[in-house]
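The next block holds one structure in the form of structure tokens; read it before the comments.
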Amino acid sequence: MKRRTFIQNASLTGIGVVAGAAALSCKDEKDSTTQASSRSNSAAMIATIPVVIATWNVPTSTAKAWEVLQEGKSALEAIEQGCMVEEANAEGQSVGIGGLPDRDGKVTLDACIMNKHGDYGAVVCMQNIVHPISVARKVMEDTPHVIFAGKGAEEYAVSIGFKRENLLTESSKKAWEKWRKTSLYKPIINIENHDTIGMLAIDKNGDISGGCTTSGLAYKMAGRVGDSAIIGSGLFIDNEIGGATATGLGEEVLKTVGSFLIVELMRQGKSPQEACEEAIGRIIKKTPVFKDFQVGYIAVNKAGETGAYCIHEGFTMMQYQNNENENIPVDFYNKA
Ligand code: ASP
């Protein structure tokens, strides 16, 4: 397990500095009820702002967001531009163009964004538009509504200037055709096949925003909507407290309103790491078949202290802080 020790950089931030436990703690104890307090292996660390964190290994996305923050722009702008990098990457098969389709061969995208005021915008089950994160921002800023779905979302996007494009790349089409021959139209839940990009950022003013963008579970049933674009589940931001975002089996995140839970636990005094561990613990407690699916959370608090936790080995978090862009293996529950 890799440890991250933060560089003391308090004088540069002008904002509070938090001394606490390492972002990604190791522990021996597997009982979810004791996870939060099992932090004996943690190293001392100093958190600073600005900071950007994201689910999975997306260094170019966090680098873009960091660049935007360095220009003195808002966390919201950093989130949109950072998420757009991965949405435009046709090689990535879980976000934007190139995303794996539903079981009928259609690429349908979910995304949401939240700003420092707690405003929220989202699109669900939207086809043919490469940048759902940008459409979500428009929904938030330019309409009286918060969620647009399906055809309506696509038509709204086109009406404000987004271009229709085919999102199904040749390699994703081939993967779908192969799956179709073998899987009898049942959605597969592969614990390693989750790559939603959830991103959280704090800008130089100390304000927090977040975004989450995905093509959802590969080969999902038509019309299925996951957690990623749903406020409180795939993403939640409270500018007084912090933010959290999720990846993995959306149904489990939705049932436990995971990101909202993490922010509320931080409000009650838990560190981001402790809050992520407790949110995973809730899923494990109520869903005995957790061995068949993955869920991962990342979180940041107002001072820039970060945390992450997941069910199974394999999840990583990008963290850009103190001028360092690092992909960090995330500690996990299922050590069996
Ligand atoms: N959370 C996403 C969903 O359920 C999937 C993922 O993270 O890959 O749609």
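Just so you know, ligand 1 is whichever comes first in the structure, and atom 1 is the first atom listed for that ligand.
Looking at ligand 1, you won't find any N or O of Asp110 less than 3.5 Å from one of its N or O atoms. For ligand 1, the polar-atom distance check against Gly226 finds no nitrogen or oxygen pair separated by under 3.5 Å. For the pair Asp227 and ligand 1, the shortest N or O to N or O distance falls below 3.5 Å.
Counting the atoms of ligand 1 from 1 in the order shown, those under 4.0 Å from a heavy atom of Leu217 are 9 (O). Those atoms of ligand 1 with a heavy atom of Thr247 less than 4.0 angstrom away are 6 (C), 7 (O). The distance from ligand 1 to the heavy atoms of Ser228 drops below 4.0 Å at these ligand atoms: 1 (N), 2 (C). Each of the following atoms of ligand 1 lies closer than 4.0 Å to a heavy atom of Gly216: 9 (O).
Identified under the salt bridge (Lys or Arg N to Asp or Glu O under 4.0 Å) test for residues 159-176, with sequence neighbours left out: Glu154-Arg164.
Salt-bridge annotation for Glu177 and Lys181: absent, with no side-chain N of the basic residue lying under 4.0 Å from a carboxylate O of the acidic one.
Ranked by closest heavy atom to atom 1 (N) of ligand 1, the top entry among Gly248, Gly296, Ala246 is Gly248.
In this structure, Tyr156 has its ring center at least 6.0 angstrom away from the ring center of Phe162.
Put simply, the side chain of Met221 reaches to within 4.5 Å of the side chain of Arg103, judged on heavy atoms.
For Arg224, the closest heavy-atom approach to ligand 1 falls below 4.0 Å. In this structure, Ser94 does not count as a contact residue of ligand 1, since none of its heavy atoms falls inside 4.0 Å of the ligand.
A cation-pi contact links Lys335 to Phe332, judged by a cut-off of 6.0 Å to the six-membered ring centre and 45° from its axis.
Under the 3.5 Å distance criterion, with hydrogens and angles disregarded, a donor-acceptor pair is assigned to the side chains of His131 and Glu87.
In this pair, Phe236 and Phe260 present their aromatic rings perpendicular. The plane angle is above 60°, beyond the 30 to 60° band.
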